[in-house]
Asker: 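Next up is a structure, given as structure tokens.
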Amino acid sequence: MAYWLMKSEPDAWSWDQQVKAGGKGTEWTGVRNFTARKNLMTMKKGDRGFFYHSNEGKEIVGIVEIVKEHHPDPTAGKDEPWVVVDVKAVEPMPQPVKLEVIKKEAKLKDMALIKYSRLSVQPVTADEWKAICKMGGLK
DNA sequence: GCCAACGTTGGC
DNA sequence: GCCAACGTTGGC
């Protein structure tokens, strides 16, 4: 299984909304960047991702699961190449993991979150995943 | 609210 | 195909 990190401004789409949307999941719309698109297209059903609040909060607040693989983004123009995946909330972080805390953690300094801070959909390694789950209070 | 980083666009 | 101009993201 692969791991990911997906960013959303809570003003636009927050973790609470994702939770309320329930187990069927929702389309992750609005990605307009080719690197992020490539990551969306690589995602498989059952992969997991961190849900990160950018701008407001700047912290990882929960875990989502990919419930449907990539298909065309309904919010994009007809001839545009943009895609979405469907994700559902799995569980919240008992303790949200702040960007500033991640930055301080030596073994996380190569995370895409830090190195490519503007990339909205990014891969996470298994080691990074484990470390952050632990920091967030998950086993 | 500012601005650095960086992706995209368009002229040549 | 290069690169300057421009727009956007996101941390501070």
Side-chain angles (χ1 to χ4, degrees):
Chain A
M1 154 169 25
Y3 299 108
W4 309 93
L5 182 147
M6 305 173 81
K7 289 187 193 175
S8 183
E9 298 186 28
D11 284 348
W13 181 251
S14 70
W15 171 252
D16 284 347
Q17 286 173 288
Q18 188 71 60
V19 170
K20 278 189 196 134
K24 281 198 311 224
T26 54
E27 292 175 326
W28 193 271
T29 56
V31 171
R32 297 292 183 271
N33 168 286
F34 285 102
T35 307
R37 172 178 178 269
K38 193 192 81 195
N39 290 330
L40 288 178
M41 296 190 67
T42 308
M43 291 179 177
K44 298 288 182 213
K45 197 175 169 182
D47 282 357
R48 299 221 158 173
F50 289 129
F51 192 115
Y52 176 81
H53 277 168
S54 63
N55 276 320
E56 292 280 318
K58 281 167 277 182
E59 58 192 1
I60 293 170
V61 289
I63 288 174
V64 293
E65 180 177 322
I66 313 304
V67 292
K68 186 175 176 188
E69 293 174 16
H70 70 89
H71 52 105
D73 186 337
T75 69
K78 177 167 157 290
D79 296 320
E80 294 177 346
W82 308 117
V83 299
V84 296
V85 295
D86 290 14
V87 303
K88 69 167 185 190
V90 175
E91 59 185 337
M93 282 289 168
Q95 182 176 346
V97 181
K98 292 253 174 210
L99 177 63
E100 67 186 72
V101 175
I102 292 170
K103 279 186 162 174
K104 277 186 209 153
E105 185 64 47
K107 65 184 159 196
L108 297 176
K109 71 176 193 320
D110 290 330
M111 269 192 84
L113 184 63
I114 293 162
K115 280 177 117 174
Y116 311 99
S117 60
R118 289 184 46 210
L119 182 59
S120 60
V121 179
Q122 37 180 275
V124 172
T125 68
D127 285 348
E128 291 162 354
W129 183 267
K130 257 203 235 170
I132 287 170
C133 285
K134 205 172 161 194
M135 290 158 72
L138 293 173
K139 274 174 235 136

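Per chain, numbering begins at 1; letters A, B, ... match sequence-line order.
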Asker: Looking only at heavy atoms, which two atoms of A/Val64 and A/Ala89 are closest? And how far apart?
Answerer: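 Result for this residue pair: CG1-CA, 4.2 Å.
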Asker: How would you list, by chain and number, every residue that makes a side chain to side chain contact (heavy atoms under 4.5 Å, CB included) with A/Ala36, sequence neighbours excluded?
Answerer: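 With sequence neighbours excluded, A/Ala36 shows a side chain to side chain contact (heavy atoms under 4.5 Å, CB included) to A/Val31, A/Asn33, A/Leu119, A/Ser120, A/Val121, given in chain and number order.
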Asker: Salt bridge check, A/Glu59 against A/Lys98: does any charged N sit closer than 4.0 Å to a carboxylate O?
Answerer: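 Yes.
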Asker: If the condition is side chain to side chain contact (heavy atoms under 4.5 Å, CB included), which residues does A/Thr75 pass it with, not counting sequence neighbours?
Answerer: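 Scan of A/Thr75 (side chain to side chain contact (heavy atoms under 4.5 Å, CB included), adjacent residues dropped) gives A/Thr29, A/Arg32, A/Asp73.
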Asker: At under 4.0 Å between heavy atoms, how does the protein contact nucleotides 3-12 of chain C? Give one character per nucleotide, 5' to 3', with B, S or -.
Answerer: ----BBBBBB
Asker: Please name the residue in the list A/Val61, A/Leu113, A/Ile102 that meets the side chain to side chain contact (heavy atoms under 4.5 Å, CB included) test with A/Tyr52.
Answerer: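 That would be A/Leu113.
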Asker: Between the two end axes of the helix from B/dG1-C/dC12 to B/dC12-C/dG1, each built from 5 base pairs, what angle do you get to the nearest 10°?
Answerer: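 Computed from the C1' atoms at both ends, the axes differ by 10°.
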Asker: Which part of the nucleic acid, if any, lies within contact of A/Phe34, taking any heavy atom under 4.0 Å across all strands shown: a base, the sugar-phosphate backbone alone, or nothing?
Answerer: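 Sugar-phosphate contact only - A/Phe34 comes under 4.0 Å of backbone atoms but never of a base.
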Asker: Quick one: are A/Val97 and A/Lys134 in side-chain contact, heavy atoms under 4.5 Å?
Answerer: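 A side-chain contact is absent here, since even the closest heavy-atom pair is not under 4.5 Å.
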Asker: Show every ring pair (Phe, Tyr, Trp, His ring centres under 6.0 Å) that has at least one partner inside residues 77-105 of chain A, sequence neighbours left out.
Answerer: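 Every ring pair (Phe, Tyr, Trp, His ring centres under 6.0 Å) pair that includes a residue of residues 77-105 of chain A, provided the two are not neighbours, is A/Phe34-A/Trp82.
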Asker: Got a sec, which pairs hit ring pair (Phe, Tyr, Trp, His ring centres under 6.0 Å) with one end in residues 112-139 of chain A, sequence neighbours left out?
Answerer: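 Non-adjacent pairs meeting ring pair (Phe, Tyr, Trp, His ring centres under 6.0 Å): A/Tyr3-A/Trp129, A/Phe50-A/Trp129.
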